[in-house]
Amino acid sequence: MEKVLAKWWEPTDNQKILCTLCPRYCKIGDGQPGFCYIRQNHGGNLYTIGYGKPTGFAIDPIEKKPLNHFLPGTSILSFGTAGCNLGCKFCQNWSMSKAKLDDMNSLTVSPEGVVELAKSYNTPSIAFTYNDPTIFGEYVIDISKISREEGIKSVMVTAGYIDKEARKDVYKFIDAANVDLKGFTEKFYWKSTISHLDDVLDTLIWLKNDTDVWFEITTLLIPDENDSEEEIKRESNWILTNLGDSIPLHFTAFHPDFKMLNKERTPEKTLITARNIATEMGIKFCYVGNVHNKEGQTTYCPNCKAILIKRDWHSVISNKMSSGCCKSCGYKIDGVFNN
Ligand code: SF4
């Protein structure tokens, strides 16, 4: 595949290129990559060298993204590329996000080829995931446009660190997203991810107010870093005030990885405490992840408390929804449901 010219950039006065895809706004010299590695200046043009270069495909349960209120119990064709626009010290997927394309033996697959693959595996949706799909936005747009025509849904699994203008293009044909809200202090964001909290909050508000994208939020809780009760309360309060009470919130367990090997795995008790706080404050759908905890992974009807969807880890054990509503009392559950 030919090198693909990138969108979202402009030349600067000093022979560099300003990439305007994400709030990092890299200034990139000739022959150099941006922070995310897969956007590169060659001869005064910016190229997206991740275009058409997945590192491989998997068929995942959609609960793994995690999405609990979007086509529950279905499979999703999932892929990412090399590179990432964040610098998370705790990255749980760093072999891909920190890799160069050559290290990954990347495949070459056209947008049509990705959609054909989803059709051949009969998955109702495609996930752009593993690294942050923001950085291969051009490929996302081309795939999601075709997949919408074919009746296949598209899902972003992202940190939400994207420019205000570029996001209007990247999310044009997106149906759902899981956004990592990595913590709730600017100090943690900058120190541990080299990005800014306010930009992510702005994306969440935009998704809620200006798009039809169904989205859920995930916070990976890291011991003594972003797991204090006070921080969970402030995060929950912000969600309730700015996004309402119906956006599912997932608290997931960290395992020591990449540059955070000195930390313990998140105790299950921390996740349960966080879930209890968020639920007591009024968040209707709060889940725990990366542990076996049936109660924390079950969807309950907020009205009559009936069990609607029972899960264990990423598996759906039973589903008692009816046309997107509680079978017992008829209460409408927020989300996109297949029964
Ligand atoms: S998308 Fe990549 S090159 Fe562009 S500003 Fe963000 S990190 Fe830099």
Side-chain angles (χ1 to χ4, degrees), residues 3-55 79-91 93-104 106 128-144 156-172 174 177 179-182 186 189-204 206-207 258-259:
K3 271 193 308 201
V4 175
L5 199 60
K7 299 177 193 285
W8 314 298
W9 61 275
E10 56 199 58
T12 67
D13 296 343
N14 55 356
Q15 311 285 315
K16 290 189 172 178
I17 280 175
L18 174 71
C19 176
T20 56
L21 174 52
C22 92
R24 199 169 297 287
Y25 301 118
C26 297
K27 293 199 179 84
I28 310 169
D30 193 10
Q32 300 295 313
F35 180 95
C36 61
Y37 175 73
I38 65 164
R39 306 182 75 78
Q40 301 185 354
N41 176 350
H42 292 289
N45 286 313
L46 190 68
Y47 291 93
T48 165
I49 65 156
Y51 190 105
K53 292 285 179 189
T55 49
F79 76 90
T81 68
C84 195
N85 60 334
L86 269 78
C88 302
K89 290 189 177 137
F90 50 87
C91 184
N93 213 1
W94 62 273
S95 60
M96 279 175 67
S97 64
K98 301 300 162 203
K100 317 264 189 270
L101 285 181
D102 294 346
D103 302 340
M104 294 303 301
S106 295
F128 310 107
T129 179
Y130 303 137
N131 62 336
D132 200 301
T134 296
I135 62 170
F136 57 91
E138 297 88 349
Y139 195 33
V140 166
I141 293 169
D142 290 353
I143 294 168
S144 56
M156 294 281 280
V157 180
T158 177
Y161 198 56
I162 186 167
D163 173 75
K164 288 180 186 0
E165 289 303 313
R167 68 193 179 194
K168 294 179 195 162
D169 301 331
V170 174
Y171 283 78
K172 192 161 179 194
I174 295 296
V179 181
D180 274 343
L181 180 52
K182 292 174 185 274
E186 172 60 18
Y189 251 86
W190 184 246
K191 184 181 82 158
S192 300
T193 77
I194 324 179
S195 66
H196 297 291
L197 172 61
D198 279 352
D199 293 306
V200 179
L201 298 182
D202 191 79
T203 299
L204 288 167
W206 172 76
L207 281 170
F258 195 43
K259 293 183 183 167

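Values below: all heavy atoms of this structure, side chains included; hydrogens, waters and symmetry mates excluded. One-based numbering, in listed order, for ligands and for the atoms of each.
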Tyr25 vs Phe35 side-chain heavy atoms within contact, under 4.5 Å: no
Options Gly137, Ser195, Ala166, Cys36, ranked by nearest heavy atom to atom 7 (S) of ligand 1, top entry: Cys36
Min side-chain heavy-atom separation Leu18-Glu10 under 4.5 Å: yes
Aromatic ring pairing Tyr47/His42, orientation class (parallel under 30°, perpendicular over 60°, tilted between): tilted
Short N/O/S contact of Cys26 with atom 8 (Fe) of ligand 1 (below 2.8 Å): yes
Mutual orientation of the aromatic rings belonging to Tyr139 and Tyr51 [parallel < 30°, tilted 30-60°, perpendicular > 60°]: tilted
Per-residue contact class, Trp8 against ligand 1 - non-hydrogen pairs under 4.0 Å: neither
Heavy atom of the protein closest to atom 4 (Fe) of ligand 1 (residue, atom name, distance): Cys19 SG, 2.3 Å
Protein heavy atom at shortest distance from atom 1 (S) of ligand 1: Arg39 CD, 3.5 Å
Distance filter under 4.0 Å to Tyr25 heavy atoms, resulting ligand 1 atoms: 5 (S)
Gly34 neighbourhood, listing ligand 1 atoms whose heavy-atom distance to it stays under 4.0 Å: 3 (S)
Test applied, side-chain contact (heavy atoms from CB on, under 4.5 Å); reference residue, Trp8; option that passes from Ile162, Thr48, Thr20, Leu46: Thr20
Sub-4.5 Å side-chain heavy-atom contact between Leu201 and Leu181: yes
Atoms of ligand 1, numbered as shown, that sit under 4.0 Å from any heavy atom of Asn85: 7 (S)
Trp190 and His196 aromatic ring geometry - parallel, tilted or perpendicular at 30°/60° bounds: parallel
Heavy-atom nearest option to atom 6 (Fe) of ligand 1, drawn from Cys22, Pro23, Pro33, Gly83: Cys22
